[in-house]
Every structure is written in structure tokens, then in C-alpha cells.
Amino acid sequence: MKLVAWMAALAARAWCQPENARVDRVGDTGFLQLQADSFKSLTPREQELGYWLSQASIAINPIIYDQLSRFGLREKRVLEAIVAHPDGVNPAAYQKILAFTKLFWANRGNHNETTAQKFLPEFTFEELKEAGLTAIQHGAADFSKPAFEKELEQLRQPLFDPNFEPMITAKSPRAGQDILQASSNNFYFGVTLADVKNFTEQYPLNSRLAKINGRPEEQVYRAGTPDRRVPPGMYAEYLAKANSFLGKAAEMAEPAQAQAIRDLIRYYQTGDPKDWLHFGVDWVQNNARVDFDNGFIEVYRDPRGAKGSSQSFVTVTDNRVNSLMVKIADNAQYFEDHAPWAPQYKKQGVKPPLAKAVEAVSETGDFHVTTIGDNLPNENEIHEKYGSKSFLFTGSTRAIAHAAGFGALEEFAASRKEIDICKKYGDEADDLLVAMHEIIGHGSGKLNPKLTHEPAYYLKEYFSTLEEARADLMALWNVNDPKLKELGLISNPDVAKAMYYAAARVALTQLRRIPKGDSIEEDHQRNRQLIVNYIRDKTGAIAEMKRNGKTYLEIRDFAKMREGVGQLLAELMRIKAEGDYNAIKALIDKYGVHFDTAIRDEVVKRYKGLDIPAYWAGINPDLTAAFDGNGKASKMTVTISYSRDFVKQQLGYSAVYAPKH
Ligand SMILES: [Zn+2]
């Protein structure tokens, strides 16, 4: 389960990076250079491990483009052929194609990865065609001219028609439409919800369900085993390439981590869910300084909440912030005991989850720079026996906070007091929220033993929203607990206020991320709307206020707001523990989905005046390997650098699969 940046974007930090992290901008999207200064403190062997894991991370990057749209990889190939060959292309057309391609890479396709909505090019079909033909003349040898023209015709609708597959994931489609059919993603092909209902998947996370000869059939994501007993499946090329790098990484890792890496290789070969669990068990118990994630992980993109999207990150431990997370993890049982829910849902013998503050050296696939916290693995059966591992991405938090500044806070805060408190304590509140969300949020609570499946099975399309809300609410509930002061984790009671202010404000400010339509699809956005609207309705602690024609969300009573937090948290825990689908559907449909479009338009307008990007895309650090004269891995030296060049990096990633001539 991931936590996406929200408070970070509102509260600027006292600390600054030597250079501004923001290096580029296209429309509403800012491009940030990630830094991982901890990399330099690693041993040469650890650095080499980081290098190979990053290569494996880059190797799986194409998969997500295909998962989000069956046209994604074809569109990518056309755009990259042109971007890599600017010679002779009309400069004005080239600039438009380049800008679109940057957004395409940032979102892993032509749907905004946050809003799920399609975005359109500013160039015309004819401009694209002419640019492509010129690029072919100048050496873009992927295509012959006739093949290119044919390809473009087939991509005309996916690229230029706003009504063709307008959403990645449509959880609340318009009347009469099926959630599978209304979504552009490629997890399903030709099947409806009704087809899927009585079909038991053998590979729920890592397969595409396609209708073949009138029946649903699973197309498994796997590379195949070397002995060919398990044949290759979907994405075999990418998974096999990743495995070749993972094999090299395993040679550099210490034994426990090497075992986890080999488990992953096995899983990518077989696609067998048992091998995935095996990997998860070994992975979660390992806490190496160079850590990673690579697999079909989060189910947010699937309207059914079953199929995992491909993602990867490679991280280095940030020791400075790490101590905060360790202290919260060490006291996990205390927070469980003091949770506001019924005693039968309280876990005994809570195993403190592994918690670590990290700087990312690579983020690919469906893992984005805006994910500032993550708790993995997602499988309850692993959590319950072995705990989970939580990551706080300090490098991303810093980069986003530094690039955003105080402008939004000053515009949207309801009072001078709110501005002052958030300027002073916003950063501290932010770190605490992320740490508590991941460590004592997702990891907490006990299910009714009568449940025979994971809660997602019962709560379906509402599960992810419930789980994100539960984790945020655990932070909001506990930030007022005296235990934090006792542990030295909170410097002032105003830190709690800063967290509450930000939680209320975000229900207003996040509307700018949904410029079209009148409903919220994304789970984290739904969760924040749910929390604020529920508390407004049940307690009146938060109220809408107008001043000089502008709308604000004002906190009128902090104590009452905390009561509302406790009330909703207790109910969400009950729903999760009992698998109560009707209750979660009623709650989220009422409080988490709809908003006033007039207020949204106002928010969008106010943001325009601030000139802050609404979305962020990350540029990874570059790891470069230098080999000795014999090209032996044992004589490799790795250096980290920051190119601040998104285009060069993305073209470099694609070159891993460039056709050989
Ligand atoms: Zn989360």
C-alpha cells in the first residue's frame, strides 16, 4: 500500500537541497531530480548491488505502458523514434511532440496517472506524421515508411480521440457501463464483470483475463523456466531481461537477500502465486541497506482491485530520519492497544513492522516520485506471520516540498494562525504522518476469523480507499497521544494542529487534480474526501467558510475533530474486519466520491495564479558502471550522478530494448 504526497506538497521544509530539485515543467507537471546522497556511503559491493538492482528495475519499465493501455508501447515507440531524431523536423512541431512525450513518460502513457483521465497532444495528426517520416529519413530505423504510416493510422484514435478509452480505471462508470469495459487498462480484454464472476483465477495478481472462444482465459505474466516446463507468457521478454540483472545482483547480495532475489527470479519464471508468497516471506525479513522492490504489486489500477501493476524501486537507507521510524515501530503494540476500535479487532503480540527511511536511486513502472511512503508486501497472510516492511521516501518528500514552496498554504489556509503553525511545524507533522500511516496504520487491526479470504475479496472496489483512510486516520488519531512526547517524537502540540489543518485543507486543494468531471476515482483522493466530509457531517468540527468570494475549510474545534477521526476509524476497522461491503459502499459513495464542481473550478483558478505544478514526475539518479579491461564484474566501479535530463534518461531506458541493426 502506498502513500502519495499530499501534505508534503503543502508544507515547505526548513532543509534545502543545494540545487533546486525542479528542473523542468510541461503544463501542470513539474519534473524533479531525485537525489540519493546516502549512496556514496555504501561499500563498493553494495554499490554494485544497487547498480544491478537498478538495471532490473529499468528492465521491467515497459510493462506498465502495456498494462495501462494496449496501445501504450506502440505509442511510446512512435514518440521516441521522433524525439530521438530531431534533425529536419519542423521545430515548432518538434517542441509540441517533445512536450507531449515528456508527459507520456511521466504518466507511463497518455492517461494522467493521478486522475486516470486521458490527455491529448497539442500537435495534429499531420504534424506527427510529417515528423515521423522526417525522423525515418534521418535514421530512425525502427520503421519503414509504409509501416510507420500504417501504424499511425491505427494509433489515430487512441492518441487523438478524447472519447476513445477516456479513463485508465473507471470505478463509478456512467449508468449502464461495466467497470471493466469502461476502463482503458489492459488487465481485461473482451470480458465483462459478469464473465468474471464465476471464474476462479489461478493467477489473480499477474495475468490478463481475455475472452478466448467465448470463455475467459488467463494470460499469465511470466518469463518461463529454462527447462521450458513452464512456457513463456505475457511480458516474457521484459521479465527475462530483469532476471538476467537480478542474477548478477544476487551474486553481490549477502545470503538472506540473495535468497530473496533468487525467489523473485523463480517467480518471474513461473508466475506461480506460491513463488510470489515465497519471495514476500524472504523479502520482508531482510533489511539490507540497499533494498528493492520489483513485481506486480498494487491493485489500484484494476477496477476490480485484483490485478497488480508492474513497479520497481531501489533504495538506500537514510540513517538520519530512520531513527524516527524505528521508535514508532518499537511501540506498535502500545498504539494497537490505544486504537479507538472494538477490543475484538485488536491484535495481540503485534510484530513491529520493519521501518526504514530511504532515498530512492531508481523508481520505475507504476512507482512514481509522488509515492512518499510504502508498506509492503500487500498480502495479509505474510503480514500476520512475518510483519511488513515500511519505507519512507525522504528523497522524494524533500524534492517535492522544496519545489512547491509556501504559496498554496498561504492561498488556501483559512486563517493567519493556520499559516503560521503550518510553516513552523508542517515538516514535522509531515514526517510523523507518513511514518505512522505506514507503520501503525496499514499494519494494525485484527480480522474476524470467520473471513476465509483477504478483506479485498469482500470489499472489492472500495477496499483500497478504506485501507488508505484507515492508515491516515491512525496517524491523525495518535498524533495527539502523550506517548509521542514521551518518546521525543513531537516537539510541540502545534505539530498535531499542523497535521489536522493539512488534512482538512487537502479536501479542497486536491480538487485541482480533477480538472474535469464531477467524481473522484483515485483511492487516496477518495480517502481524504471521505475523512473530511464525514467529520464535517457528523461533528461539525470542520466547516466551509467564504471570504472575499473564496472558499476555505476551517477547523472550528480540534477536540471534536479528533472525536470524528476516532469514530470513523472504529467504523472502518469494523468494516474491514467483518468484510462489510454494503457499509463501505454506502460510506464512500456518500462522502468520498462527489464534489461541488463550482468549488473545484474556483480551486483550479486559484492554483493557476500560484503557478505551482499539480503533478510531479521524477528523474532518477544515474548509476554508471565502469568495468576493468576484462569487463569482469568483480572489477566494477559504480558512480552516482544527477543528469537533470529527463529526455536523455528515458531514451536511455528504452535503449535497453532497442532493436539491433
Ligand atoms: Zn497507504
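Both ligands and their constituent atoms are indexed starting at 1 by order of listing.
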Residues Asp366, Arg108: salt bridge by 4.0 Å N-O rule:
no
Considering just N/O/S atoms, say which atom of Glu468 is closest to the Zn ion (ligand 1).
OE1
So with a 6.0 Å cut-off around NZ of Lys483, is the heavy-atom count from everything else above 12?
yes
Residue His442, metal the Zn ion (ligand 1), N/O/S under 2.8 Å:
yes
Determine which of the N, O or S atoms in His437 is closest to the Zn ion (ligand 1) and give its atom name.
NE2
Ion pair Asp28/Arg513, N-O distance below 4.0 Å
no
Whether Phe296 and Tyr221 hold their rings parallel, tilted or perpendicular, with breakpoints at 30° and 60°
tilted
